[in-house]
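None of these values were measured; they are calculated from a predicted model. We name chains A, B, ... by the order of the sequence lines, and we start the count at 1 in each one.
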Amino acid sequence: MPELPEIEIVRRSLFKMVNKAKITNIKINNKNLRYKIPHRFSKQLIGEKILDISRRSKYLIFHFKKKKLLSHLGMSGKLLLFKEKSNTLLRTSFYYDLNILPQHNHIYFFLNNNLTIIYNDVRRFGFFKIFNNIELNQIPFLKKLGLEPFNKKFHLEYFKNFVKSRKKNIKNLLMDQTFVSGLGNIYVNEALFISKIHPLRKCNNLKKKEIIILISNIKKILRDSISKGGSSIKDFINSRGKSGNFQQYFRVYDKENKNCSRNSCRGLIKKIWISKRSSFYCSNCQK
DNA sequence: TTCTTTGTTCCGGA
DNA sequence: GTCCGGAACAAAGA
């Protein structure tokens, strides 16, 4: 569920607390994540100092002197911060109040500042990979990615150029990470709703005006979501266990059979599947 | 037992 | 060669 805004919030909240901290130990409870954690994993990271944490699309990158640790949270991955001294107290609040179960704590990164980063993931679709001496844009997972939505180059001309020879529907285009990277199902649904564009419209048939509105809305919705603390389908919390609250602002996602929230409309929200992904749209105002 | 959920990769047909 | 949709994959809860 975490999409760009959620990852950005995790990045910011982690960075505040663990920048310049050194990894003193690592405990792996379950190495079977999306990709199996190799034996050398702990050895390669212990003693390394976190020099930066950056984000590309939905990936987090921990920067060390020569190494980079790439992480993707998959569907339900969480990076929790744990204060050693008040261990018990935080455990309670993380694990029970927020329905985070300790049996899904898979990796512990112990730091020299009395904090521990815990990777918790119910479905284990997330992953960690270490890269040595490599530029960011050469990392295999990152080099195929399209523009970041906030990139100034993500504009009308880029869109028109990209769809010139393409015929897919606009929903699948926005889900395509080689076109624009960081959007997932939820924000694509929302952006199309706000832009009054039907998800099945062919991407090369959008009018100039519609493209401009859509791009502007994508940027706006991501920015708003970050400022509100990230989306919070209940699986998502930020690194300090604080739940995001963007969920209450969803206008179309998971609103099947509800009335359209647009004042002037009041059409019915429909649910369809597009490439096996649930898609919600207003049958009246999304043309 | 089956369905649904996600992002990503892989594959075959067009 | 390129585009595009579908399948597979990971795990678990309903």
Side-chain angles (χ1 to χ4, degrees), chain A residues 1-8 10 28-38 55-61 70-79 95 98-107 119-129 131 139-146 148-149 159-191 199-205 222 225 230-237 244 246-247 250 252-257 271-280:
Chain A
M1 310 258 180
E3 300 179 30
L4 188 152
E6 290 78 28
I7 303 302
E8 177 60 20
V10 169
I28 300 172
N29 282 348
N30 190 338
K31 53 183 182 293
N32 296 305
L33 304 183
R34 179 71 178 84
Y35 305 110
K36 197 168 181 176
I37 301 287
R55 179 192 60 74
R56 174 76 170 102
S57 184
K58 304 166 199 171
Y59 296 88
L60 272 180
I61 306 105
L70 181 74
S71 175
H72 193 290
L73 302 185
M75 275 180 76
S76 52
K78 301 162 190 77
L79 286 165
Y95 297 152
L98 288 162
N99 204 22
I100 301 229
L101 301 173
Q103 65 258 40
H104 302 304
N105 286 347
H106 305 308
I107 306 184
Y119 183 66
N120 178 292
D121 190 348
V122 174
R123 295 180 184 79
R124 285 197 260 138
F125 292 2
F127 70 81
F128 290 90
K129 281 211 182 255
F131 294 91
I139 291 177
F141 295 87
L142 307 183
K143 64 179 175 192
K144 284 173 263 175
L145 293 174
E148 285 283 315
F159 187 108
K160 277 165 61 176
N161 190 45
F162 194 95
V163 303
K164 214 177 285 174
S165 56
R166 289 170 222 249
K167 296 173 188 163
K168 63 166 78 169
N169 62 57
I170 183 63
K171 197 209 167 193
N172 280 341
L173 178 78
L174 297 182
M175 297 287 283
D176 180 352
Q177 303 296 305
T178 68
F179 170 61
V180 63
S181 61
L183 295 172
N185 201 27
I186 293 172
Y187 290 98
V188 168
N189 274 288
E190 293 294 308
L200 288 173
R201 288 275 298 282
K202 295 295 171 207
C203 62
N204 56 352
N205 276 343
L222 294 176
S225 179
S231 135
S232 65
I233 291 267
K234 64 175 184 292
D235 266 344
F236 176 74
I237 60 170
F246 193 73
Q247 178 188 33
F250 287 166
V252 72
Y253 185 83
D254 211 16
K255 302 282 187 197
E256 189 186 12
N257 290 329
K271 179 179 189 178
I272 56 173
W273 278 265
I274 301 176
S275 298
K276 293 272 174 78
R277 293 288 189 266
S278 55
S279 306
F280 302 85

Distance flag, aromatic centroids of F159(A) and F179(A), threshold under 6.0 Å: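 Under 6.0 Å, so yes.
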
Pair F141(A) + F127(A): ring centers closer than 6.0 Å: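 They qualify: ring centres under 6.0 Å apart.
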
Would you indicate whether the side-chain heavy atoms of [Y] and [X] approach each other to under 4.5 Å?
{"X": "N172(A)", "Y": "D176(A)", "value": "no"}
{"X": "M175(A)", "Y": "N185(A)", "value": "yes"}
{"X": "I7(A)", "Y": "Y59(A)", "value": "no"}
{"X": "W273(A)", "Y": "S278(A)", "value": "yes"}
{"X": "Y119(A)", "Y": "N105(A)", "value": "no"}
{"X": "I61(A)", "Y": "F131(A)", "value": "no"}

Note: R56(A)-E148(A) ion pair, threshold 4.0 Å (strictly below):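 Yes, charged N to carboxylate O under 4.0 Å.
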
Atom-pair distance ([atom1] on [X]; [atom2] on [N]), nearest Å:
{"X": "N204(A)", "N": "dC3(C)", "atom1": "CG", "atom2": "C1'", "value": "12 Å"}
{"X": "F179(A)", "N": "dC4(C)", "atom1": "CZ", "atom2": "P", "value": "12 Å"}
{"X": "M175(A)", "N": "dG5(C)", "atom1": "CE", "atom2": "P", "value": "12 Å"}
{"X": "D254(A)", "N": "dT5(B)", "atom1": "CG", "atom2": "C1'", "value": "11 Å"}
{"X": "N185(A)", "N": "dT4(B)", "atom1": "CG", "atom2": "P", "value": "14 Å"}
{"X": "R56(A)", "N": "dG7(B)", "atom1": "CZ", "atom2": "P", "value": "16 Å"}
{"X": "F127(A)", "N": "dG7(B)", "atom1": "CZ", "atom2": "C1'", "value": "10 Å"}
{"X": "Y187(A)", "N": "dT6(B)", "atom1": "OH", "atom2": "C1'", "value": "15 Å"}

Side-chain N or O of [X] closer than 4.0 Å to phosphate OP1/OP2 of [N]:
{"X": "Y253(A)", "N": "dT5(B)", "value": "no"}
{"X": "S165(A)", "N": "dC3(C)", "value": "yes"}
{"X": "W273(A)", "N": "dT5(B)", "value": "yes"}
{"X": "H72(A)", "N": "dT8(B)", "value": "yes"}
{"X": "S76(A)", "N": "dT6(B)", "value": "no"}
{"X": "N172(A)", "N": "dG5(C)", "value": "yes"}
{"X": "K168(A)", "N": "dC3(C)", "value": "no"}

Results of side chain to side chain contact (heavy atoms under 4.5 Å, CB included) for N32(A) - residues two or more places apart only: N30(A), K36(A), R124(A)

Inter-end axis angle, the helix from dT2(B)-dA14(C) to dA14(B)-dT2(C), with every axis fitted to five base pairs (rounded, 10 degrees): 50°

Residue K144(A), side-chain atoms from C-beta onward, closest of dT6(B), dC4(C), dT9(B): dT9(B)

Letter per nucleotide, 5' to 3', of nucleotides 7-14 of chain C [B base touched, S only sugar-phosphate touched, - untouched; heavy atoms, 4.0 Å]: S-BBBS--

Sugar-phosphate, base or nothing in reach of K271(A), heavy atoms under 4.0 Å: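 It contacts sugar-phosphate atoms only.
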
Sugar-phosphate, base or nothing in reach of Y59(A), heavy atoms under 4.0 Å: sugar-phosphate

5' precedence on DNA chain C between I274(A) and F162(A) (nearest-nucleotide basis):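 Nearer the 5' end of the strand: F162(A).
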
